[in-house]
Number of protein chains: 2
Amino acid sequence: MIEIIIDIDDAVPQFAQLIEQIKGAVLTDKLSPGDALPSIRQLANDLQLNNKTVAKAYRLLERDAVIQTKGYRGTFVHPDAKTNSAVDLCTLVVSKLSATVEELRGSGVTDSEIRIAFGDVMNRRES
Amino acid sequence: MIEIIIDIDDAVPQFAQLIEQIKGAVLTDKLSPGDALPSIRQLANDLQLNNKTVAKAYRLLERDAVIQTKGYRGTFVHPDAKTNSAVDLCTLVVSKLSATVEELRGSGVTDSEIRIAFGDVMNRRES
DNA sequence: CGTTGTACCCTGCGTATGAATGGCACATCG
DNA sequence: CGATGTGCCATTCATACGCAGGGTACAACG
């Protein structure tokens, strides 16, 4: 069993703390590919978290290919977990966005306008 | 004199309404290159707006090369005003951002994460 | 049946942001 | 001096968003 500690008062969101610690456990070999992870409800109960919070962390971890959910059979550590735990998708996103934003700023576009346009782009999806 | 009407209850910000109407006047030849515009304080008084609101609109209009402020001599319609009024900088910004965002979404990045990363990018500047 | 992951609904709290307003000051022209 | 555009300081209000929580329900296994 791995030890996971969630600090409610931490500025870092709970689901993010969970992700960090699971990725950390993979990187330090406390979790190995194929290992079974506690179920969402189980872990939520152990850590005194809401199901949704744990589910969110699991969902993101699976998208990052750090874990693998096998439907009704539970959740397991992904074969390439160690590699994928090291990759910081967030950093990639930031750098990509940064490039675009810098380009726009260079064109004399106001930060406010960039924010507004960004909001539009993010909302246009559902309409 | 051109007629400008600002609707306080409109969802569109006042300064944006001002910009729209001035650009519109340029496109319909109610304003021609070289024409003098009312001073910031004057227009603010006429339209019952705050100086800052008008100043904001003028600042953005000048950046879009629709008007030209000649310091203490007042503000005038830019020689290329008609061309530049047609260009919607906002649209350009939206399309550029849209491309980047779509690319990220395609990589499986969550909208929330994009928003967070975007916020980081916009704030990292001052630090 | 019970457990698995997952999906949808709605709520409240805290924070961040923009919009608008106000005040004060400046340098430059005429 | 008076007018110009411009700068920085501040505040108030409303809105949007993320985070967390609660509830209910579903299909697919064992």
Side-chain angles (χ1 to χ4, degrees), chain A residues 6-19 36-45 47-63 67-76 90 110-126, chain B residues 6-19 36-45 47-63 67-76 78 90 110-127:
Chain A
I6 302 295
D7 180 7
I8 308 263
D9 299 328
D10 196 322
V12 178
Q14 301 172 12
F15 79 93
Q17 292 183 44
L18 226 188
I19 292 177
L37 274 79
S39 81
I40 289 183
R41 293 175 178 81
Q42 181 69 48
L43 190 56
N45 192 54
L47 299 179
Q48 291 293 302
L49 296 180
N50 188 281
N51 288 3
K52 309 307 186 66
T53 306
V54 179
K56 183 173 187 177
Y58 271 35
R59 184 171 7 107
L60 292 175
L61 280 170
E62 192 191 14
R63 190 212 49 194
I67 67 177
Q68 227 172 358
T69 113
K70 307 205 173 184
Y72 338 82
R73 283 171 305 252
T75 306
F76 305 87
C90 185
T110 298
D111 276 18
S112 315
E113 290 169 319
I114 297 180
R115 281 203 170 90
I116 294 173
F118 177 77
D120 286 350
V121 171
M122 299 305 282
N123 292 333
R124 288 277 180 274
R125 172 160 114 258
E126 38 236 306
Chain B
I6 302 296
D7 180 8
I8 308 266
D9 298 328
D10 195 324
V12 178
Q14 301 172 13
F15 77 93
Q17 293 183 43
L18 226 187
I19 292 176
L37 275 77
S39 80
I40 289 182
R41 293 174 177 81
Q42 181 69 48
L43 190 55
N45 192 55
L47 300 179
Q48 291 294 301
L49 296 180
N50 189 282
N51 288 2
K52 309 305 183 69
T53 305
V54 179
K56 185 174 187 178
Y58 270 35
R59 183 169 9 104
L60 292 175
L61 281 171
E62 192 189 15
R63 190 214 46 196
I67 65 176
Q68 229 173 358
T69 112
K70 308 206 172 184
Y72 339 83
R73 283 171 305 251
T75 306
F76 303 88
H78 188 95
C90 185
T110 298
D111 276 18
S112 314
E113 291 170 317
I114 298 180
R115 280 203 170 90
I116 294 173
F118 176 78
D120 286 350
V121 170
M122 300 303 284
N123 292 332
R124 290 276 180 276
R125 173 156 118 261
E126 38 238 303
S127 52

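Everything numeric in this text was worked out from a predicted model, so none of it was measured. Just so we're on the same page: letters track the sequence lines, and every chain starts at 1.
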Open item on the list: Does a side-chain N or O of B/Thr53 approach OP1 or OP2 of C/dA19 to a distance below 4.0 Å, or not?
Closed with: no
Task: Protein-nucleotide distance (A/Phe118, atom CZ; C/dA16, atom C1'), rounded to Å - done: 14 Å
TODO: Quickly work out the B/Ile116 CD1 to C/dT15 C1' distance and round it to whole Å.
DONE: 13 Å
Task: Pairing residues for A/Phe118 by the ring pair (Phe, Tyr, Trp, His ring centres under 6.0 Å) criterion, not counting sequence neighbours - done: B/Phe118
Task: Which residues share a side-chain hydrogen bond (donor to acceptor under 3.5 Å, both in side chains) with A/Gln42, sequence neighbours left out - done: A/Asp46
TODO: Would you kindly give the CG-to-C1' distance between A/Asp7 and D/dA20, to the nearest whole Å?
DONE: 15 Å
Open item on the list: In this structure, how many angstroms lie between the C1' atom of C/dA19 and the CD1 atom of B/Ile19, rounded?
Closed with: 13 Å
- [ ] Would you please name every residue forming a side-chain hydrogen bond (donor to acceptor under 3.5 Å, both in side chains) with B/Ser112, sequence neighbours left out?
- [x] none
Task: Gap between atom CD1 of A/Ile67 and atom OG1 of A/Thr75 - 0.5 Å precision - done: 5.5 Å
Task: Residues forming a side-chain hydrogen bond (donor to acceptor under 3.5 Å, both in side chains) with A/Gln68, sequence neighbours excluded - done: none
Task: Rounded distance (Å) that lies between atom C1' of D/dG21 and atom CG of A/Leu49 - done: 11 Å
Open item on the list: Using whole Å, what does the distance between atom P of nucleotide C/dG22 and atom CD of B/Gln48 come to?
Closed with: 10 Å
Open item on the list: In this structure, how many angstroms lie between the C1' atom of D/dC19 and the CG atom of A/Leu60, rounded?
Closed with: 13 Å
Open item on the list: Could you tell me how far apart A/Lys56 (NZ) and D/dG22 (C1') are, to the nearest whole angstrom?
Closed with: 16 Å
Task: Under-4.0 Å side-chain N/O to phosphate OP1/OP2 contact, A/Asn50 with D/dG22 - done: yes
Just list the side-chain donor-acceptor pairs under 3.5 Å for residues 6-18 of chain B, sequence neighbours left out, or say none.
from: B/Asp7; atom 1: OD1; to: B/Asp9; atom 2: N; distance (Å): 3.0
from: B/Asp10; atom 1: OD1; to: B/Val12; atom 2: N; distance (Å): 2.8
from: B/Gln17; atom 1: OE1; to: B/Asp7; atom 2: N; distance (Å): 2.9
from: B/Gln17; atom 1: NE2; to: B/Asp7; atom 2: O; distance (Å): 2.9
from: B/Gln17; atom 1: NE2; to: B/Val12; atom 2: O; distance (Å): 2.8

Task: Nucleic acid footprint by protein, nucleotides 3-17 of chain D - heavy-atom cut-off 4.0 Å, B for base, S for sugar-phosphate alone - done: -BBBBB--------S
